[in-house]
Asks: 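Take a look at this one; I'll ask things after.
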Amino acid sequence: NAGVMQNPRHLVRRRGQEARLRCSPMKGHSHVYWYRQLPEEGLKFMVYLQKENIIDESGMPKERFSAEFPKEGPSILRIQQVVRGDSAAYFCASSPNGTGSFSNQPQHFGDGTRLSIL
Amino acid sequence: AQSVTQLGSHVSVSEGALVLLRCNYSSSVPPYLFWYVQYPNQGLQLLLKYTTGATLVKGINGFEAEFKKSETSFHLTKPSAHMSDAAEYFCAVTRPSGTGRRALTFGSGTRLQVQP
């Protein structure tokens, strides 16, 4: 399967613990997006990264949340000191490389990580 | 700023009936528009997209959508519903960019039920 891979699929944490969500983009894609989906809601943009760079983090909460996309390895979304309100499905999407006006290339989504906070 | 409004959080149709899922957008520049489908416990799968050119776009699984600039709409249709179409459908918008990609802004979704 050459799609976007996210792991774990399900993650349970107690309040105050750290959650780490991983995303491996499709082969050949170097643009990664993270979205959060609260129950009964649509997806909300969190952060957009390219390799080793955060391009847009306007949707990220200012505290406890961070994201990275290192030169080697998957993109990581890290949530420190989790609270009940962090319970949600977190989706990663990737899109292809390219130059020029390429925002018409669709984003391909992973199956998400369902985070539950006890 | 962009926004997407999906009218009707739940739509129920009979198998074989017309499917119509409504999407209206707000954008200060000509948008790129997308419809995604989400099955339970899965990620989003692209159904179709509009960027430029023909305003009636055809997607997978028999779905199509028409971009109507005057109505700022991008409604999704399918002539005959199938049981397997039962899922959550999301309309999304983004802005064209010559220098970089932009994130998608999603509507709140419409859950489609198909009755036998």
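Chain letters run A, B, ... following the sequence lines, proteins first, then strands; residues in each count from 1.
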Asks: In terms of heavy-atom proximity below 4.5 Å to chain A, should B:Tyr50 be classed as side chain, backbone, both, or neither?
Replies: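 Neither part.
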
Asks: To the nearest 0.5 Å, what is the distance between CZ on A:Phe109 and OH on B:Tyr36?
Replies: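 The OH atom of B:Tyr36 is 5.0 Å from CZ of A:Phe109, to the nearest 0.5 Å.
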
Asks: Treat each ILVMFWY residue as a node, draw an edge where side-chain heavy atoms are under 4.5 Å apart, and state whether B:Leu48 and B:Ile60 are in one component.
Replies: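 Yes, because B:Leu48 and B:Ile60 connect within a single hydrophobic cluster, where side-chain heavy atoms sit under 4.5 Å apart.
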
Asks: Look at atom NZ of B:Lys58 and say whether more than 12 heavy atoms of other residues, nucleotides or ligands are closer to it than 6.0 Å.
Replies: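 Result for NZ/B:Lys58: open.
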
Asks: Check this for me: B:Arg22, atom CZ, are more than 12 non-hydrogen atoms of other residues, nucleotides or ligands nearer than 6.0 Å?
Replies: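 Counting other residues, nucleotides and ligands, CZ of B:Arg22 stays at 12 neighbours or fewer.
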
Asks: Donor-acceptor check, side chain of A:Asp111 to backbone of B:Gly43, threshold 3.5 angstrom: yes or no?
Replies: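 The answer is yes, because a donor-acceptor pair under 3.5 Å joins these two groups.
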
Asks: At a 4.5 Å cut-off on heavy atoms, which part of B:Leu44 comes close to chain A: side chain, backbone, both, or neither?
Replies: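 Both backbone and side chain.
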
Asks: Examine A:Ile76 and A:Leu21 and state if one hydrophobic cluster contains both, with Ile, Leu, Val, Met, Phe, Trp and Tyr joined whenever side-chain heavy atoms are less than 4.5 Å apart.
Replies: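 They do not share one cluster, since no chain of ILVMFWY contacts under 4.5 Å joins A:Ile76 to A:Leu21.
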
Asks: Report the distance from atom CD of A:Gln37 to atom CZ of B:Phe106, rounding to the nearest 0.5 Å.
Replies: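 Rounded to the nearest 0.5 Å, the CD-CZ separation comes out at 9.0 Å.
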
Asks: Distance check, rounded to the nearest 0.5 Å: B:Leu104 atom CG versus A:Tyr33 atom OH?
Replies: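 That separation rounds to 7.5 Å.
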
Asks: Of the non-hydrogen atoms in B:Phe90 and A:Gly42, which two are nearest, and what is the gap between them?
Replies: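 Where B:Phe90 meets A:Gly42 most closely, the heavy atoms are CE2-CA, 3.5 Å.
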
Asks: Looking at A:Arg9, I'd like to know if its CZ atom is crowded, meaning that more than 12 non-hydrogen atoms belonging to other residues, nucleotides or ligands lie closer than 6.0 Å.
Replies: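 Yes, CZ of A:Arg9 has more than 12 neighbouring heavy atoms, counting only those of other groups under 6.0 Å.
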
Asks: Answer yes or no: does atom CD of A:Gln81 have more than 12 heavy-atom neighbours from other residues, nucleotides or ligands under 6.0 Å?
Replies: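 Not buried by this count: 12 neighbours or fewer within 6.0 Å.
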
Asks: So which atom in A:Phe91 and which in B:Gln38 form the shortest heavy-atom distance, rounded to 0.1 Å?
Replies: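 Smallest heavy-atom distance, with atoms named: CZ-NE2, 3.2 Å.
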
Asks: Tell me, for A:Gln6 versus chain B, whether the close heavy atoms (under 4.5 Å) come from the side chain, the backbone, both or neither.
Replies: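 Looking at A:Gln6, nothing touches chain B.
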
Asks: Within a strict 4.5 Å, meaning less than it, do heavy atoms of the A:Arg114 and B:Asn41 side chains meet?
Replies: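 Yes, at least one pair of side-chain atoms sits under 4.5 Å.
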
Asks: For residues B:Ala103 and A:Phe45, report the shortest heavy-atom separation together with the two atoms involved.
Replies: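 Scanning both residues, the minimum pair turns out to be CB-CD1, 3.1 Å.
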
Asks: Say whether A:Val12 and A:Leu38 are linked into one hydrophobic cluster, either directly or through other cluster members, by side-chain heavy-atom distances under 4.5 angstrom.
Replies: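 No; A:Leu38 is not reachable from A:Val12 via cluster members.
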
Asks: Report yes or no: do B:Phe34 and B:Val19 belong to one cluster of Ile/Leu/Val/Met/Phe/Trp/Tyr joined by side chain heavy-atom distances under 4.5 Å?
Replies: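 No, separate clusters.
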
